[in-house]
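Written out below as structure tokens is the structure these notes cover.
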Amino acid sequence: MVSFIARRLVVSVLLIIGAAFIMYVLTSLAGDPLEEFYQSRLPNREQLMAQRIERLQLNVPVALRFFLWLGGAAKCLIPFADACDLGLTVQGQPVTELLPQAMGATLQLVTAATVLAIIIGITVGIVSALRQYTTFDVFVTFLSFLLYSLPSFWVGVLLKEFVAIGFNNFLRDPVIPIPWVIAIAVGTGLLWVGLIGGDMRRRLTVFGVSTLATAAVLVYFNLSNWFITPALGPVVVLVMSAGIGLVMVALLAGIRNRRALLTAGISVAITFVVYFLVQPLLNISSLYTLMILAAATLVVGLLTGFFVGGPDRGQMMRIGAFTAVLSAGLILVDRYMRAWPTYMGLSSIRGRPIATVGAETPNLVGDIWVQGVDSFTHLLLPTLTLMLISFAAYTRYARAGMLDVLNQDYIRTARAKGMPERVVIVRHAFRNSLIPIATIVAADFGALLGGAIITEQVFAFSGMGAMFQRGLSLPDPNPVMGYFIVIAVMAILFNLIADLTYSALDPRVRTR
Amino acid sequence: MSLSHTDIPDPTALEREVETEGVSQGRLILRRFLRNKIAMISLGIFLAVVALALSSSGIFGIPGWWKYSHTDLPKLLDGGKPTLSLIPEWLGGDGIHLGEHPFGQTLIGIDYFAMTMRGVQNSLIVMFVIGILVAVIGTVVGAVAGYYRGWVESVLMRFTDLIIIIPVIVLGAVVGQIANQHFQGLGVLGLSIVLGLFLWTGLARLVRGEFLTLREREYVDAARVFGAGDARIMFRHILPNAIGVVIVTTTLVMAAAILLETGLSFIGFGIRTPDVSLGLIISQNQTAFSTRPYLFVWPGVFIVIIALTVNFIGDGLRDAFDPRQSRFVPRKMKEQVKA
């Protein structure tokens, strides 16, 4: 194993150096940094040119200049030495100063989009595979093809227009018209019918219940002016976390498992009590408090499962932890919602919260909750744009992978020996279908970083993509190379992780 | 006729022919593809778009039937509003007609239908040139690497790895910028050739994998015993058995290529004015969305139509070449159990 990783790392480093060389030469061909001076009539033209030649070492031939650059970049590998040198921009600023801020912005964007796309994409793909050739499956398949064929820049502008501006206009008079209420409710009802399936009677029940429930919620939103002063409140938090607990038990242990129900119940009860206790603390919280609270939630969840114990202690601990963390998430969402009116009232927002450009409102004043809402409103649309496309891809992979697994003999064996369908799907099929997906997801992450270039341009997001694009069109070669080296290292690293995950998950694959 | 394993007369073949007419693999695949409704509808729509784009503005100097070109500057009529009407008169509309400027006019009066058609044409050119280059280079590199193995494979595959590290869009942007800086005259064709020269890596890997397994088959040994040369074995014997991967991957690369080209043109590293790309005109008109949405909608619709139909065609081809995918049908299984 160690020798495998070592060998892969050596090969990867050589590949990165090679690819960096290609990029360096191509970038130098893509534009001459001195071009702007050739036509200029500035009196100190010669001096400026000499300065730039010296900064970018343009008097050295390209091939040699690459090795000078590489020497500087190699110093980044020395830990804690702070000797990193990725060259200067045309303005004389070190690239290493530009990188961290740009990387932070892009990573924030890409991480949120990837995580959401993975969770939603895999869930939808698997449900669609379990309901193969039903209306739901055809709908999902068509949708994923459509999303896959959408140009991200076009979607981005459409989202800006309809979601951002449309929603902001809607907030002026936040009442959903009755025809819309009916349409949304019926649509939601149909979606649930497709998801749950079953015979005619069950379908009708599901449709009726979900349609009426959605309509009731929407009417409540209208009556309580919810879009201006949104909140979940203790009752909704309790009901929703009970629902989460039930789903977790149903998925992981089966609804008849008394101990599992007890674990989830205790977790939910603790959440409900904590909801009241923690509010004063949340009001004065910082990011670190929240992190500590999150860790505490996880521990409490695990402990609940541990003490309930029983023959399958690990399972109980999983149920406890998942229920506790997700329910605590609801408390957090509730608290963010309570910051919404404050945020809307700010002079820099003036009641139009969903932003179309940038990563944050400049000079925003407010506590951590207002800041959080601010990032949310700014990240919402770019994340959605990025997510839609990866969502389509993951749905396709998850569906194909699940169908593939369901065709295997061991699934038939499991069914034949009388396993409940839940165990067949969750334990035998789902886990095995995750193996190929894990590798694809890891490998895709690198590609998504590159793909953020277009999304960043549409939403005027000053991340890595913007840095690359500015560098390429100026032309300013060193930021371009800085961007490239980060992307390449990420891609290689995630590919390595993908391979290792594969060998860890699938014992048939050996790493030698 | 030369000798290869397919041409050797099979002693039992004559007898069998009397019983049933033999169906070749290719015919089976074609039949499966023709039976795929979604793929056939997509093919129809795609061909219709191609016909519309090529016939309306003409190609290779042959004039089309549309009266304006993307460089003409007719007078601005009615503030450049679109005149296309699709609601018939008996439904209270204006009747189905194109009018003077079906998609409207830009601010300076250029006919937007002509511009969009020119953009579609350019996208199609980029798509096909990239498709051809990817198919040829990817197949040859993959075939040579998989067939010869040894140092040839190492060199070719390490080179492939080298290019694969650089994300396609980054490579495309840099290469597009070079094409614009140095080969101003080549335009669309130059851009697509340069892009095609870098996009073959995925296909090469897949073809190599196919060749690695197929080269161990008996018919390859048989062909070699008959004295067939390397090139003949590779391209007449092994390749026909690996053609599915080539066709399917190339189709999907072509669908991705149109998104790549329009995306690059959108961020300014692809096709540039005075020529037209769908991505470029979207980028020019995105700020005008609230006042003149028709300038924004049509190019996007055409990109989606082309990419979607090509994706569906690729998927149909994949199903035709590899029908194993759709085996698990719970409902059918239940029906069988009941019966």
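All of these numbers come straight from a predicted model, not from anything done at the bench. Proteins come first, then strands; the chains are lettered A, B, ... in the order of their sequence lines, and each starts at number 1.
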**Prompt:** Going by residue number, which parts of residues 249-264 of chain B are within reach of chain A, meaning a heavy-atom gap below 4.5 Å?
**Reply:** B:L259, B:T262, B:G263
**Message:** Within the 4.5 Å heavy-atom criterion, are B:F269 and A:S473 side-chain neighbours or not?
**Reply:** yes
**Request:** Give, as side chain, backbone, both or neither, the part of A:I22 having an atom under 4.5 angstrom from any heavy atom of chain B.
**Result:** side chain
**Message:** Within a 6.0 Å radius of atom CD1 on B:I38, are there more than 12 heavy atoms belonging to other residues, nucleotides or ligands?
**Reply:** no
**Item:** Side chain / backbone / both / neither for B:I267 at chain A, heavy atoms under 4.5 Å
**Value:** both
**Message:** Please list all pairs meeting side-chain hydrogen bond (donor to acceptor under 3.5 Å, both in side chains) that have one or both residues in residues 12-30 of chain A, counting only residues at least two apart or in different chains.
**Reply:** none
**Item:** Residues which pass side-chain hydrogen bond (donor to acceptor under 3.5 Å, both in side chains) with B:R158, listed by chain and number, not counting sequence neighbours
**Value:** B:D161
**Prompt:** What closest approach, in Å, do B:N311 and A:S149 show between heavy atoms, and which atom pair accounts for it?
**Reply:** ND2-OG, 3.1 Å
**Asked** To the nearest 0.5 Å, how far apart are CD1 in A:I492 and CD1 in B:I165?
**Response** 3.5 Å
**Asked** For A:Q457, is it the side chain, the backbone, both or neither that has a heavy atom under 4.5 Å from a heavy atom of chain B?
**Response** side chain
**Request:** Using non-hydrogen atoms and a 4.5 Å limit, figure out which bit of A:F21 sits close to chain B: side chain, backbone, both or neither.
**Result:** neither
**Request:** Tell me, out of A:L26, A:L472, A:V157, who's got the most heavy-atom pairs with chain B below 4.5 Å.
**Result:** A:L472
**Prompt:** Is it true that atom CZ of A:R412 has more than 12 heavy atoms of other residues, nucleotides or ligands lying nearer than 6.0 Å?
**Reply:** no
**Prompt:** How about A:F139: does its CZ atom have over 12 heavy atoms from other parts shown lying under 6.0 Å from it?
**Reply:** no
**Prompt:** Are any of the side-chain heavy atoms of A:R396 and B:D315 separated by less than 4.5 Å?
**Reply:** yes
**Message:** Is any side-chain heavy atom of B:F266 closer than 4.5 Å to one of A:W154?
**Reply:** no
**Message:** At a heavy-atom distance under 4.5 Å, which candidate from B:L171, B:V175, B:L308 has the highest pair count against chain A?
**Reply:** B:L308
**Message:** Quick check for you: among A:F484, A:F468, A:F142, A:F153, which has the greatest number of heavy-atom pairs under 4.5 Å with chain B?
**Reply:** A:F153
**Fill in**
CD1 of A:I487 to CD1 of B:I169, rounded to nearest 0.5 Å, is 11.0 Å
**Item:** Verdict with reasoning, B:V170 to A:I453, per side-chain contact (heavy atoms from CB on, under 4.5 Å)
**Value:** CA-CA 9 Å; B:V170 173; A:I453 296 176; 4.1 Å; yes
**Request:** With sequence neighbours excluded, tell me which residues meet side-chain hydrogen bond (donor to acceptor under 3.5 Å, both in side chains) with B:D275.
**Result:** B:R118, B:N122
